[in-house]
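Quick note: numbers below take in every heavy atom, side chains included, and nothing from hydrogens, waters or symmetry partners. Below, chain A is the first sequence line, B the second, and so on; all start at residue 1.
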Amino acid sequence: MGKKAFQKPKGTADLLPSDSLKWHYVEETARLLFSDYQYHEIRTPLFENYEIFSRSAGDTSDVVTKEMYDFYDKGNRHIALRPEGTAGVVRAYVENKLYAPEEVKPYKAFYIGPMFRYERPQAGRMRQFHQIGVEAFGSESPALDAEVIAMAVDFFQMLGLTDLKVAINSLGDATSRANYRQALIDYLEPHLTELSSDSQIRLYKNPLRVLDSKDEKDQALVANAPSILAYLTPDAKTRWEKLQAYLDALGLDYEIDSSMVRGLDYYNHTIFEIMTNMQELGRGWTTISGGGRYNGLVEALGGPKTSGIGFAIGLERLMLLLESVQAPLPEAEPIDFYVVNIGEETDIEALKLVQAIRSYGYSAERDYLDRKPKGQFKAADRLHARFVLTLGPDELEKQQINLKKLETGDEQKVELLKVYTALPDLVEMEKGVEN
RNA sequence: GCGGUAUUGGUGAAGUGGUUAACACACUGGUUUGUGGAUCCAGCACGCGUGGGUUCGAUUCCCACAUACCGCCCCA
């Protein structure tokens, strides 16, 4: 151990090779599936101008007011590490003029990458965390909403998750929301003193948040509060009903949760969350995916009036969930060959051998620690090698090498030359023996 | 940002104000002058998160800090 042991910054994690194997699998599953739905990957910067986020997420959201990693760079630009993915994608959509008529509509994209929020870390909640997200621009159709929700569910099912809850709600359009906001305040105001202190503040800042309170007394009050669904304008209501019709047609199970609120201010109309009540992620239901419509966002970031919808999946939470339900996840691949070499005079030949084996596309490893044969065999065993090639002075002299199949213990001498010229035949031959 | 719990080797952990920090797993070496997954033997914490303090003496008591986890806030 060195003198000073550095620690990674609070709320960050090292993803070791055994983990990244599993992450790759999940990410690859997403890439394949999203491609079927015609979503293609977009990569935007990990940091943006601060305003991109402050304007999009809303000035009252906690994400902006207290969780942003922001700083001034050497050119005195106000920069922020992205706390979420949508704003950057919207900025890219506008900046690259992806609204142009020659682009296919809706314009669909997905992203995978790290996000940053200055928060108190807990299990499944990191300061640097990762999301897979999708966005679709340029269509108002609730069929697209349904598709997006279906795709998220599809994704989780592909990974072997079935015990999830899909909750949907509608925030309506600006008019619906304004009317409801007032109705909610009118309802709650007489009970102001009964509300928790947090909720008393919420009531005027962002009254919909009161609906979300975990305080028991708040919840009791909120239970009889008016529902936003009763305040939808006719247009918004039609959309809302169509969405359900589409989801029903797909046979997708969902729950309507009229008290569901999302953390970012840009949402309107459809919002949804996919939740699990896994213990490892804390008490009650934990959201592993959330999203919705953001019809005003493109405009807010300087683009033409364009509707949009998207969602994001929290990868840390997803990985914890997959581990806890023992969903199938890949393990380290066994290697094909381990070359055991005995004596210094075989060193060069061993080096050439592993390279030759690799040139055939098989994986191969050898000893670099001058271990004795026993130690090398142990290493081969730990790597779950299929075959061991033993090369000693004898073999070198006779130009024959010992081929051992670890699983059965069968050994045979083969011409050294064959490893270089006909390795696949040797592998096939061994296969023949085992069948 | 607030409140709480925790922090001993590569890992899981036991333990006490006072000479050598238990046990297990893993690892390394030997038992087998060239063969793994078995047995047996041996080795493996300059040291108990970091920094202070109390004390004749602290890993064990106190304080601060760091980190992790739990709850709140909030959220993926």
Side-chain angles (χ1 to χ4, degrees), chain A residues 1 3-13 57 60-67 82-86 113-133 152 196-199 201-202 206 209 212-215 260-264 273-276 279-291 310-321 338-343 346 367 369-396 402-411:
Chain A
M1 282 290 128
K3 290 169 187 170
K4 46 188 169 184
F6 287 107
Q7 289 179 303
K8 59 189 173 301
K10 189 185 180 92
T12 62
T60 65
S61 73
D62 280 26
V63 168
V64 167
T65 55
K66 56 181 214 192
E67 295 174 0
R82 62 183 189 191
E84 55 100 27
T86 301
M115 307 292 162
F116 307 84
R117 291 183 197 172
Y118 192 88
E119 287 190 284
R120 190 73 168 256
Q122 277 175 38
R125 162 188 291 201
M126 309 290 288
R127 288 187 171 181
Q128 175 176 339
F129 62 106
H130 298 77
Q131 291 186 331
I132 298 182
S196 67
S197 55
D198 281 333
S199 286
I201 297 166
R202 289 186 187 114
N206 193 344
R209 289 240 148 271
D212 234 12
S213 174
K214 283 187 186 122
D215 185 274
M260 180 170 69
V261 180
R262 306 248 50 239
L264 306 167
E273 291 187 355
I274 298 177
M275 294 178 279
T276 168
Q279 277 238 292
E280 285 82 343
L281 285 173
R283 299 166 120 353
W285 293 88
T286 303
T287 303
I288 58 169
S289 177
F311 68 83
I313 295 164
L315 276 175
E316 279 76 7
R317 290 181 183 184
L318 177 56
M319 298 312 300
L320 283 173
L321 184 57
Y338 191 96
V339 174
V340 169
N341 75 303
I342 303 153
T346 60
D367 173 67
L369 301 172
D370 290 325
R371 277 178 294 209
K372 301 192 169 174
K374 179 192 168 101
Q376 296 189 43
F377 268 88
K378 272 188 147 177
D381 193 52
R382 218 179 326 158
L383 293 169
H384 303 110
R386 293 170 62 204
F387 299 105
V388 169
L389 287 166
T390 312
L391 178 72
D394 282 1
E395 285 82 358
L396 200 55
N402 205 14
L403 175 67
K404 179 170 185 173
K405 188 173 169 62
L406 276 197
E407 197 185 332
T408 59
D410 295 343
E411 274 185 277

* Using purine N1 to pyrimidine N3 plus N6-O4 or O6-N4 for Watson-Crick, or N1-O2 and O6-N3 for G-U wobble, each under 3.5 Å, what pairs with rC72(B)? -> rG1(B)
* Structure fact -> By the Watson-Crick or G-U definition, both distances under 3.5 Å, rG29(B) is matched with rC41(B)
* To do: Using a cut-off of strictly less than 4.0 Å, decide whether Lys10(A) has a side-chain nitrogen or oxygen near OP1 or OP2 of rU67(B).
  => yes
Where the side chain of [X] is concerned, which of [options] is the nearest nucleotide?
{"X": "Gln7(A)", "options": "rA66(B), rC74(B), rG36(B)", "result": "rA66(B)"}
{"X": "Arg120(A)", "options": "rC74(B), rA66(B), rG71(B)", "result": "rG71(B)"}
{"X": "Tyr118(A)", "options": "rG34(B), rG36(B), rG1(B)", "result": "rG1(B)"}
{"X": "Lys372(A)", "options": "rC75(B), rG29(B), rU67(B)", "result": "rG29(B)"}
{"X": "Lys378(A)", "options": "rU28(B), rA68(B), rC75(B)", "result": "rU28(B)"}
{"X": "Lys404(A)", "options": "rU35(B), rA76(B), rC74(B)", "result": "rU35(B)"}

d([atom1], [X]; [atom2], [N]) in whole Å:
{"X": "Leu321(A)", "N": "rA76(B)", "atom1": "CG", "atom2": "C1'", "result": "12 Å"}
{"X": "Gln122(A)", "N": "rG3(B)", "atom1": "CD", "atom2": "C1'", "result": "12 Å"}
{"X": "Met126(A)", "N": "rC74(B)", "atom1": "CE", "atom2": "P", "result": "22 Å"}

Does [X] get its side chain close enough to the base of [N], under 3.5 Å, for a donor-acceptor pair?
{"X": "Asp381(A)", "N": "rG37(B)", "answer": "no"}
{"X": "Gln376(A)", "N": "rU35(B)", "answer": "no"}
{"X": "Arg125(A)", "N": "rA76(B)", "answer": "no"}

* To do: Please figure out whether Leu391(A) or Gly375(A) has its closest RNA chain B nucleotide nearer the 5' end.
  => Gly375(A)
